[in-house]
2 protein chains.
Amino acid sequence: MKTLRLNSNDKAVLLGSRFFEKLSAAASDAILEGAVVSNHEEHDILFHQDEPVDSVFCVLSGLARVYRLGKDGREADIAVFPRGEIFGENAMFLGNRATANAQAIGSSMIARLDSRNLRRLAEQHPDIAQALMELLCRHGQMAEDCLAEDRLLTAPQRVASYILGHCPDGSTTFSFRLPFQKNVLAGKLGLAPEALSRAFSALRRSGVTVKGRMIEIHDRQALERF
Amino acid sequence: MKTLRLNSNDKAVLLGSRFFEKLSAAASDAILEGAVVSNHEEHDILFHQDEPVDSVFCVLSGLARVYRLGKDGREADIAVFPRGEIFGENAMFLGNRATANAQAIGSSMIARLDSRNLRRLAEQHPDIAQALMELLCRHGQMAEDCLAEDRLLTAPQRVASYILGHCPDGSTTFSFRLPFQKNVLAGKLGLAPEALSRAFSALRRSGVTVKGRMIEIHDRQALERF
DNA sequence: AACGTAAATTGACCTCGATCAAACAATTCC
DNA sequence: GGAATTGTTTGATCGAGGTCAATTTACGTT
């Protein structure tokens with residue numbers, strides 16, 4: 001598969017991401033030194049669990065899914081990353097071995113940053129180390145949030161929580177478009193697609209309208225109470 | 001509640017922990033500057049979700065449990081930390097607000113390290129930053145492991161996995177003592193105590209003997225297959 | 001050792017969500 | 001535009017695990 005250097009558009013996506021926002025231009029440039037971009041089709045594997053990985057990844061367009069495989073071949077999503085999100089940084093601290101699989105969802109552009117370079121830079125520049133710590137912390141939090149939701153909430157409650165996460169605080173009524181297919185959302189929430197579908201229809205009774213990928217909320221409080 | 005300075009024994013536990021193992025004595029001393037110790041009884045709250053926290057914690061003896069509360073008052077364990085483990089470091093990177101609750105399990109001694117001090121030191125000393133990154137990464141991994149197990153394994157399989165995690169690689173037969181009560185293990189595995197009990201009795205058919213807190217494995221492969 | 005309390009087990013029941021199958025909707029591709 | 005493919009919904013069934021209640025076991029205390 002072909003890899004290219006970053007063009008200016010790719011660079012703009014990276015620099016606009018959460019990870020780079022507090023870093024100086026010089027620091028960012030140093031991190032992006034030697035970065036490459038590749039195009040992927042649906043289901044292309046980015047890395048395999050337990051195999052060596054010497055990059056940190058960033059979604060430039062499309063989506064990436066990080067998941068684990070069970071003995072029986074079933075898959076469990078750990079996280080889904082949209083454009084601008086960095087992932088795969090864990091391997092950097094664990095002997096450059098991936099602890100999960102990652103694949104592209106839909107056709108996606110993925111940047112690879114050299115993890116050895118990044119580590120070296122983190123040693124020299126406290127602000128880069130700081131940015132890395134914040135990244136690790138956010139990702140840890142994401143996993144903890146998922147774990148807590150899985151253990152505390154029913155399927156409709158998890159869906160309600162997901163919707164509320166996209167709804168600005170003030171508004172009672174609100175609508176947005178799902179950033180991916182429903183089967184992806186189902187995986188992210190730890191549900192079978194059928195269960196997600198049923199959860200949506202349970203929420204219909206609480207003022208949630210679903211038409212294709214469009215979600216409308218008519219009564220925020222009702223959702224919060226759910 | 002009374003807090004004391006570290007005595008030499010406390011210090012030995014801290015320095016023997018994973019976090020400090022690669023750090024120089026000077027670095028460790030700097031981190032422990034101003035650290036205090038407190039004694040806690042069963043169920044003492046160490047910190048509350050969403051409240052300010054300006055320490056990083058370390059278990060000197062006993063156990064600490066980190067958990068989230070559901071709207072209905074139900075609790076979901078995020079992690080259980082034994083002696084020598086550091087926790088509560090997430091708040092350091094999230095505006096000094098706890099993202100979960102923590103309490104002592106049984107009577108425990110807990111050290112508090114000043115997180116502002118630790119942050120400042122991490123800026124100055126790359127090896128301390130490195131140790132922090134590894135800590136964050138391990139904790140993130142723990143949460144991801146839990147999430148994947150919850151989603152991929154049944155109760156007996158999770159228990160089998162827990163047991164195998166305590167069994168050295170070579171041996172077919174093996175025994176060990178649970179480091180805490182079964183209801184704690186149940187919580188850690190995301191199970192009701194009854195479900196843990198039934199899981200143990202299901203494993204009995206695969207060569208696992210349970211007597212009080214003692215666990216005996218007679219056939220490692222059978223467990224792995226489960 | 002015996003008591004009292006807390007923990008663990010067992011049984012009965014029930015709910016939630018997985019799975020399978022089929023109908024239906026929405027795409028992509030000629 | 002229509003066929004073919006893929007995604008989504010719905011229905012029916014089933015099993016895992018939660019909950020409640022009743023015992024039984026283990027443990028700390030005197």
Side-chain angles (χ1 to χ4, degrees), chain A residues 41-43 63 65 70 72-77 105-107 146-147 149-162 177-205 208-215 226, chain B residues 41-43 62-63 65 70 72-77 105-107 146-162 177-205 208-215 226:
Chain A
E41 295 308 313
E42 171 99 42
H43 297 144
L63 288 169
R65 184 174 85 104
D72 52 1
R74 278 172 41 248
E75 301 180 349
D77 284 29
I105 297 182
S107 78
C146 259
L147 183 63
E149 293 213 340
D150 274 20
R151 290 184 172 181
L152 290 171
L153 304 182
T154 65
Q157 287 175 323
R158 299 214 285 274
V159 176
S161 162
Y162 173 81
R177 189 179 152 82
L178 289 176
F180 31 62
Q181 289 184 177
K182 289 191 185 146
N183 59 23
V184 176
L185 178 58
K188 183 179 152 68
L189 298 178
L191 296 171
E194 297 93 325
L196 176 64
S197 196
R198 283 186 246 270
F200 272 132
S201 75
L203 293 178
R204 212 156 280 151
R205 283 177 272 288
V208 176
T209 311
V210 181
K211 274 252 184 54
R213 282 200 194 171
M214 285 303 301
I215 311 286
F226 204 93
Chain B
E41 295 308 313
E42 171 100 40
H43 297 144
L63 290 169
R65 184 173 84 103
D72 52 1
R74 277 168 46 246
E75 301 180 350
D77 283 28
I105 297 181
S107 78
C146 258
L147 184 62
E149 294 212 339
D150 273 21
R151 290 183 172 181
L152 290 171
L153 305 182
T154 65
Q157 288 174 322
R158 298 213 287 274
V159 175
S161 161
Y162 175 81
R177 189 180 152 80
L178 290 176
F180 32 63
Q181 290 184 173
K182 288 186 187 151
N183 59 23
V184 176
L185 178 58
K188 184 178 150 70
L189 298 178
L191 296 172
E194 296 94 323
L196 176 64
S197 197
R198 284 186 247 268
F200 271 132
S201 75
L203 293 178
R204 211 157 279 149
R205 284 177 270 287
V208 175
T209 311
V210 180
K211 274 253 181 55
R213 281 200 196 171
M214 285 303 301
I215 312 286
F226 203 94

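These values consider heavy atoms only, across backbone and side chains, with no hydrogens, waters or symmetry-generated copies. Note that this is a predicted model, so its numbers are computed, not measured.
- Formation of a donor-acceptor pair under 3.5 Å by the A:R213 side chain with backbone atoms of A:R177 is not found in this model.
- Counting to the nearest Å, the C1' atom of C:dA8 and the CZ atom of B:F200 are 11 Å from each other.
- Nucleotide C:dA26 holds its P atom 10 Å from the NZ atom of A:K211, rounded to whole Å.
- Distance CD (A:E42) to P (C:dT28): 12 Å, rounded to an integer number of Å.
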Tabulated below should be each protein N or O lying under 3.5 Å from an N or O of nucleotides 10-17 of chain D; please produce it.
residue	atom	partner	partner atom	Å
D:dG11	N7	A:R198	NH1	3.0
D:dG11	O6	A:R198	NH2	3.2
D:dA12	N6	A:R198	NH2	3.2
D:dG17	OP1	B:A155	N	2.6
D:dG17	OP2	B:A155	N	3.4

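- For the atom pair CG of B:L191 and CZ of B:R198, the computed distance is 11.0 Å after rounding to the nearest 0.5 Å.
- Scanning both residues, B:R158 and B:L153, for their nearest heavy atoms gives NH1-O, 3.0 Å.
- One atom, CZ of A:R213, and another, C1' of C:dT27, lie 11 Å apart when rounded to the nearest Å.
- The interatomic distance linking A:N183 (CG) with D:dT6 (C1') rounds to 10 Å, in whole Å.
- Stacking of A:K188 on the aromatic ring of A:Y162 is not recorded, the 6.0 Å distance cut-off and the 45° axial limit not both being met.
- In this structure a side-chain-to-backbone donor-acceptor pair under 3.5 Å is missing from A:R65 to A:D77.
- Looking at every heavy atom in both residues, A:L203 comes nearest to A:A160 through CD1-N, 3.9 Å.
- The NE2-P distance, from B:H43 to C:dA6, rounds to 11 Å in whole Å.
- The CG atom of A:L178 sits 13 Å away from the P atom of C:dT27 (whole-angstrom rounding).
- Closest approach of B:S161 to B:E149, counting heavy atoms only: OG-OE2, 2.7 Å.
- An end-to-end axis angle of 50° holds for the helix from C:dA1-D:dT30 to C:dC30-D:dG1, taken from five base pairs per end and rounded to 10°.
- Of the possible polar contacts, none joining the A:R151 side chain to the B:D150 backbone as a donor-acceptor pair under 3.5 Å is found.
- Contact annotation: A:K182 side-chain N/O to D:dT9 OP1/OP2 distance is under 4.0 Å.
- Distance B:L196 CG to C:dA8 P: 9 Å, rounded to the nearest Å.
- Heavy-atom distances to DNA chain C give each of A:G212 and A:R74 a nearest nucleotide, and the one nearer the 5′ end belongs to A:R74.
- Distance CG/B:L152 to CG/A:D72: 7.0 Å, rounded to 0.5 Å.
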